[in-house]
Amino acid sequence: MTVGHVLYLVRHGEQVDAEYGVADGPLSPRGERQARLIADRLGGVPFDNVWHSPLQRAAETAAIMGKQLPALDPKPSPLLFDCVPTEYSPEMPHAFEPFFNAVSEEEVDAGRAQMSDAIAEFLTPSRETRHDLLITHNFVIGWFVREALSAPGWRWVGVNQANCGLTIIRYRSGRMPELVTHNDLGHLPVELRTGLADPQPY
Ligand SMILES: O=C(O)[C@@H](CO)OP(=O)(O)O
């Protein structure tokens, strides 16, 4: 039986001053520890490809992982940039509306196009065994999980991942996409489970 195409989705480590809503920046000391721990967690996986968002917080996460796992050869991909893939939809809880009011139509159009290309590029079945690591952003992973489950377009909101949480989706020919694990934080001690609106200590 073939293993198929296995996608390991990792949200970047915690960014310095993330709580102040800064656009990008280096990893915090906690973010660096998170990156080392997710590298330990994935140490035995024979990765075929490693792609990361070009933003600094994702590139630094990839660099730390690459230092610890020298077989990795991380490459930037613009398909993994942070983005907003849809506009507000009435099916979403009202609490999300103010967030979308601050996002322009152009940004949403760009996000939608980027996610369409990203799905065509990354979320594909394979007859061969393939292990790909994608280091990216919360909304991008939420969109990929929604896509794997064939959930409606608005349902990416509220699908959240902690910094350096691990989500795995497997694609096999003739099978439905399989969500193997979502936002697994088993490799992170409680004080390193950051990036979620509600703390997740378990
Ligand atoms: O701003 C955020 O909450 C998310 C959106 O994707 O981004 P990041 O994973 O880069 O923190």
Side-chain angles (χ1 to χ4, degrees), residues 7-35 37-38 50-65 74 76-89 92-93 95-104 106-119 122-123 133-148 151 153-169 181-185 187-188 192-200:
L7 283 165
Y8 302 76
L9 307 171
V10 170
R11 185 180 175 195
H12 59 81
E14 183 189 68
Q15 179 191 331
V16 163
D17 291 338
E19 66 272 33
Y20 302 116
V22 290
D24 195 18
L27 294 185
S28 68
R30 271 202 301 210
E32 291 174 3
R33 285 179 63 203
Q34 290 162 340
L37 287 165
I38 185 71
V50 182
W51 286 290
H52 63 85
S53 155
L55 290 175
Q56 186 178 3
R57 54 195 184 273
E60 284 190 9
T61 304
I64 290 169
M65 294 181 73
S77 168
L79 297 177
L80 297 176
F81 262 124
D82 197 16
C83 69
V84 178
T86 68
E87 61 284 327
Y88 178 73
S89 154
M92 295 176 188
F96 288 99
E97 213 170 347
F99 166 80
F100 285 93
N101 288 340
V103 181
S104 71
E106 292 72 27
E107 282 175 89
V108 170
D109 286 347
R112 188 180 282 119
Q114 180 191 321
M115 285 301 90
S116 165
D117 290 351
I119 281 166
F122 298 122
L123 274 61
L133 170 60
L134 309 184
I135 301 162
T136 178
H137 302 273
N138 193 37
F139 294 169
V140 174
I141 299 173
W143 185 259
F144 287 174
V145 169
R146 181 214 62 78
E147 176 71 18
W154 63 272
R155 194 54 183 87
W156 62 278
V157 298
V159 180
N160 291 315
Q161 296 68 219
N163 295 115
C164 289
L166 176 64
T167 294
I168 302 176
I169 301 173
T181 192
H182 177 248
N183 193 34
D184 183 342
L185 306 183
H187 49 289
L188 298 174
L192 293 187
R193 296 177 183 186
T194 59
L196 295 169
D198 303 310
Q200 206 170 51

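In listed order, ligands and their atoms are each counted from 1.
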> What's the spacing between Thr86 OG1 and Phe100 CZ if we round to 0.5 Å?
Replying inline: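 Rounded to the nearest 0.5 Å, the OG1-CZ separation comes out at 5.0 Å.
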>> For Asn138 and Gln161, which I'm curious about, is there any donor-acceptor pair between the side chains at under 3.5 Å?
In response: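 Note: Asn138 and Gln161 side chains meet the donor-acceptor criterion.
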> So, Ser53 and His137: side-chain donor and acceptor under 3.5 Å apart, yes or no?
Replying inline: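 There is such a pair (donor and acceptor under 3.5 Å, judged by atom type) between the side chains of Ser53 and His137.
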> So Trp156 and Phe139, would you call those rings parallel, tilted or perpendicular, with 30° and 60° as cut-offs?
Replying inline: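 Rings of Trp156 and Phe139: perpendicular, as their planes differ by over 60°.
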> If every non-hydrogen atom of Val140 is compared with every non-hydrogen atom of Leu80, which pair is closest and at what distance?
Replying inline: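 Smallest interatomic distance, heavy atoms only, reads CG2-O, 4.2 Å.
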> What residues come within 4.0 Å of ligand 1, counting heavy atoms only?
Replying inline: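 Lining ligand 1: Arg11, His12, Arg57, Asp82, His137, Asn138, Phe139.
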>> Can you tell whether the side chains of Glu87 and Arg112 come within less than 4.0 Å, N to carboxylate O?
In response: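 Between Arg112 and Glu87 there is a salt bridge, with a charged N closer than 4.0 Å to a carboxylate O.
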